[in-house]
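Single-structure report; data block below.
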Amino acid sequence: MECSNLSAPNEFILSGFPYPQGFKLPLLLFFSIMFALTLSGNSLIILMVISDLQLHKPMYWFLCNLSILDMTLSAVVVPKIIAGFNVLGRVISFSGCVTQVFFLNIVGYAECFLFTVMAYDRFLAICKPLHYGNIMGWKLCLIFSLATIIGGCLHATFQTSLTFHLSNGENNHIDYVFFDVPPVLKLACSDTHFKELIIIIEMGFITMTCFLLILTSYVYIFTTILKISSSEGWHKALSTCSAHLTVVCLFILPVFYHYLRPVSQESMDSVLSMFYTTITPLLNPLIYTLRNKEIKTALLKLWGLKTFHFSSKELIPL
């Protein structure tokens, strides 16, 4: 492609994802319902953590942070997917494209950093229980929360500036369901190999570092669990980690495969990108609710007090 126009295009057009004729309305309803459930489910987690004093712990503070990031990630991506079912909704301005890429990278990598912090929190709780209260205070929780957002902002600034500091040709059609770094780079008419390499190295370094830190934390955690003699202790320790491990696998493994594999397949890319940006934020509240006794108890309290006006003393913990 020749660089016939070195200025940035005024707008981009998303191709969306192909679907059989007659499936437009069902898919539109599916994504709309999924978006509503994601917002309501994560909002419920936040409400429970705020309202129940038993959940005023570092672990649930980080879970509250995760719910906020999940809602933001869904709000950045899903409305544009829904708009894509209308031809006019697939058109977006250059500034809108930059904004979506920027916030997608902020939230995505803030979650990656947060998963690492949550793994460290579980490491301290299981491997250093006597020192946990002194180390993981509210001041450190706040520092960790701010650090995840700042880290996401730095990453997003680097990725976005590098991606859009390119010469574009006449083609402004993106074969994708939303705007992300790889499909936007394909529109560049200049040689992008060096910048793609830098982007992949930076993404790979952050993701791999977070993954190794999480893995290291869980090596220590499982080593400690193996030393626990009672079955009740085993169950309690594993139950506090299983939900986090499940969520990490649902988020990081698709990201690994999506960004770091050598060959790109656009159809598979769309499926993977929709999975960790739309499905995972929906599943996270369910995973933590179903696997956590304190969350289930708080949910019963909240439901009873707000709907049926039950006394909290009448509730039987699960």
Side-chain angles (χ1 to χ4, degrees), residues 42 45-70 107 109-155 206-249 251-252 284-285 287-289 291-299 301-302 312 317-318:
N42 284 285
I45 293 289
I46 296 170
L47 181 60
M48 283 191 294
V49 173
I50 293 174
S51 61
D52 196 319
L53 293 177
Q54 298 298 319
L55 301 184
H56 288 187
K57 303 175 183 178
M59 181 175 73
Y60 299 111
W61 164 262
F62 295 130
L63 177 58
C64 191
N65 280 232
L66 179 62
S67 293
I68 293 172
L69 291 175
D70 279 338
V107 180
Y109 277 80
E111 283 206 13
C112 195
F113 297 139
L114 183 60
F115 287 139
T116 309
V117 170
M118 294 172 78
Y120 176 67
D121 174 71
R122 293 299 84 207
F123 160 75
L124 288 178
I126 295 174
C127 302
K128 308 284 185 181
L130 298 179
H131 304 285
Y132 178 76
N134 293 327
I135 297 174
M136 191 59 72
W138 288 111
K139 183 178 179 180
L140 185 59
C141 290
L142 182 59
I143 291 173
F144 276 144
S145 298
L146 292 175
T148 59
I149 299 299
I150 293 172
C153 288
L154 292 174
H155 164 78
I206 293 177
T207 309
M208 184 61 72
T209 300
C210 291
F211 178 75
L212 291 176
L213 289 173
I214 293 171
L215 183 63
T216 302
S217 296
Y218 275 100
V219 168
Y220 281 103
I221 288 171
F222 287 125
T223 302
T224 302
I225 289 176
L226 290 175
K227 298 177 183 178
I228 300 175
S229 56
S230 66
S231 59
E232 183 180 352
W234 266 64
H235 178 75
K236 184 177 180 181
L238 288 173
S239 65
T240 62
C241 300
S242 57
H244 179 251
L245 269 178
T246 304
V247 169
V248 167
C249 291
F251 183 84
I252 289 186
N284 286 350
I287 293 170
Y288 276 102
T289 301
R291 302 290 297 178
N292 190 291
K293 184 183 293 185
E294 289 182 307
I295 288 287
K296 287 189 287 186
T297 303
L299 181 60
K301 289 181 181 180
L302 184 66
S312 60
L318 297 179

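Only heavy atoms go into these numbers, but all of them, side chains included; no hydrogens, no water, no symmetry mates. Numbering of residues begins at 1 and proceeds along the displayed sequence.
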By salt bridge (Lys or Arg N to Asp or Glu O under 4.0 Å), Lys57 pairs with (sequence neighbours left out) Glu294
Considering residues at least two apart in sequence or located in another chain, which fulfil the side chain to side chain contact (heavy atoms under 4.5 Å, CB included) criterion with [X]?
X      : answer
Asp52  : Gln54, Leu55, Ala298, Lys301
Ile135 : Tyr120, Leu124, His131, Leu140
Cys64  : Ile46, Val49
Val247 : Leu66, Phe115, Asn284, Ile287, Tyr288

Would you give the length of the straight line joining atom [atom1] of [X] to atom [atom2] of [Y], rounded to the nearest 0.5 angstrom?
X      : Y      : atom1 : atom2 : result
Thr116 : Leu215 : OG1   : CG    : 11.5 Å
Leu69  : Phe113 : CG    : CZ    : 11.5 Å
Asn65  : Glu111 : CG    : CD    : 10.5 Å
Ile126 : Cys241 : CD1   : SG    : 3.5 Å
Thr148 : Met118 : OG1   : CE    : 11.0 Å
Cys141 : Tyr60  : SG    : OH    : 13.5 Å

Sequence neighbours left out, what pairs pass side chain to side chain donor-acceptor pair (under 3.5 Å) with at least one residue falling in residues 212-226? Tyr218-His244
Taking every non-hydrogen atom, the tightest pair across Leu114 and Phe62: CD2-O, 3.7 Å
For a quick test of reading the model, state the closest non-hydrogen atom pair linking Cys112 to Thr207 and the distance between them. SG-CA, 4.4 Å
Is there side-chain contact between [X] and [Y], with heavy atoms separated by less than 4.5 Å?
X      : Y      : answer
Leu142 : Lys139 : no
Ile295 : Leu63  : yes
Tyr132 : Pro58  : yes

Only counting residues at least two apart or in another chain, list the ones meeting side chain to side chain donor-acceptor pair (under 3.5 Å) with Ser67. Asn42
